[in-house]
Amino acid sequence: MIKNANEENLYDIIAHNLCVIDNTIDYNIKNNIKLFRISSDLIPFGSNPINTLPWIELFKSEFLDIGKKILTSGMRVSMHPGQYTVLNSFDEGVVKRAIDDLNYHALLLDSFGIGSDHKIVLHIGGVYNDKKAAVKRFISNYQYLEQSVKKRLVLENDDKSYNICDLLEIGTNLNQPVIFDNLHNKINSCDKEKNDYYWINECRKTWREKDGQQKIHYSQQDCEKSRGAHSNTIRINEFMEFYNNLEMKDMDIMLEVKDKNLSAIKCINSTLKKNDIKLLELEWSKYKYAILEKSHIDYIGIRKLLQNKNDYPVIQFYNFIENALEKQNDMGGSINAALHVWGYFKDIATIKEKDNFFNKFDAYKQEKISIKIIKSFLWKLAIKYEQIYLLESYYFLF
DNA sequence: TGACGTCAAGATCCG
DNA sequence: CGGATCTTGACGTCA
């Protein structure tokens, strides 16, 4: 909160955030995830004058260490100021804050010591009942941006105001690359006759050598929620249909999805040129108890599916996973999975922990508490007893 | 004035 | 106290 934004707090939060992002990058490297969006909140109040901390100097070596990891692993990062960064506003103060905010994003990426292929993604902003004038204002305010911002800037179509035609016009005019977002284009399209691939090819023309590979945003609609809401997970069949029809695959596809890393790994495994069933076995080790909890039938099905070690039935595997996770919780499955996980501790837990577990377990059976309580207790035990296998498990996420 | 997006952290209430 | 549930926030546009 802004009232807590004193130098000591800011210092502590930044140190903590850098530590977290460092761990996240290690995770990405381990999982072969090559695209990563860095949160704009990495530096709290990064573009607000209330933050007077000279964070660039104070954390110089931490930034450079992280930057080195990004570069040596071949990772590509990006940042995405949200809907509140509006460069084409009528209000001069809003425009000034938007410029300050973009400068902050560029400074942050510069601090990592990484090249101009690591992008800052921006939407155009408001319409104010006159799109032509609003675009004109965007273009003229663009001139006030620092070179450090311009070299990283990419422009994206949004879900209600500026469609992909608008973006191609603006991007071409300013000689800035355009990011195509498939879901935004679906709900705010300029020409329904043209498909995604047409627009992707058009956007390709706006990417220059120094921008790195073309990048697009890919997401799917959450069918239960309002138009434009991102799905919990990437439905693999739908993704593969999109991917298989992509003519040029030399591009980066940034997934926008609630379960982030899970879908990233899913799509990576599904599109690998060189594959090995060991990758699916590794995934299975993480999903196992979540699936056991949701659906015993799918649990058996997956075990059978992975029996042939020369096979790589990746799509069938994720179909099973998606199918199982969509099912409603039932108490029998939850009890079964919880007991399996408890199996890791039954011989090492203290008497007190045993009592605690079975008290909670009985309370759950009598519907007095939710399964979440059991799971968070088991999670604490996994940490205490350093059960690596469980610490990697997705069981605790669902 | 609230919805929009985002979601962890904080506040509050309950037993 | 643990746990469940509700509220909040740095930001701007639009209906």
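By convention in this document, chain letters (A, B, ...) are assigned in the order of the sequence lines, proteins followed by strands, and residues within each chain are numbered from 1. These numbers come from a predicted model, not from an experiment.
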Categorize [X] for me: base, sugar-phosphate, or nothing, with a 4.0 angstrom heavy-atom threshold over every strand shown.
X	value
A/G82	nothing
A/K258	sugar-phosphate
A/K260	sugar-phosphate
A/S376	nothing
A/K360	sugar-phosphate
A/H230	sugar-phosphate
A/S161	nothing

Separation of [X] atom [atom1] from [N] atom [atom2], in whole Å?
X	N	atom1	atom2	answer
A/F90	C/dT13	CZ	C1'	12 Å
A/Y84	B/dC7	OH	P	13 Å
A/N51	C/dG9	CG	P	19 Å
A/D41	B/dC7	CG	C1'	10 Å
A/H123	B/dC4	NE2	P	17 Å
A/I373	C/dC1	CD1	C1'	13 Å
A/I13	B/dA9	CD1	C1'	11 Å
A/D101	C/dA10	CG	C1'	10 Å

Distance only, no hydrogens: is a donor on one side chain within 3.5 Å (strictly under) of an acceptor on the other, for [X] and [Y]?
X	Y	result
A/Y162	A/N157	no
A/E156	A/H217	yes
A/E193	A/Y198	no

How far, in whole Å, is [M] from [N] if one measures between their [atom1] atoms?
N	M	atom1	value
C/dA10	B/dG10	P	13 Å
B/dA3	C/dC6	P	15 Å
C/dG12	B/dA8	P	24 Å
B/dT1	C/dT8	P	15 Å
C/dT13	B/dC7	P	23 Å

Measure the acute angle between the ring planes of A/F345 and A/Y385, then classify it against the limits of 30° and 60° as parallel, tilted or perpendicular.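 A/F345 and A/Y385: tilted rings.
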Geometric class of the A/Y344/A/Y289 ring pair [parallel <30°, tilted 30-60°, perpendicular >60°]: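 Judged by the thresholds at 30° and 60°, the geometry between A/Y289 and A/Y344 is perpendicular.
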Here's a test of your reading of the structure: between A/Y128 and A/F45, which maps to the more 5' nucleotide of DNA chain C? A/F45
To check you understand the geometry: which heavy-atom pair defines the closest contact between A/V178 and A/I164, and what is its length?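 That would be CG1-CD1, 3.9 Å.
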Please determine, for B/dT6, whether a Watson-Crick or G-U wobble partner exists with both distances under 3.5 Å, and give it or none.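 Base partner found: none.
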Quick check for you: among C/dC11, C/dG3, C/dA4, whose closest atom lies nearest to any side-chain atom of A/K380? C/dG3
Toward the 5' end of DNA chain B, by each residue's nearest nucleotide, A/K160 or A/V257: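 Checking each residue's closest nucleotide, the 5'-ward one belongs to A/K160.
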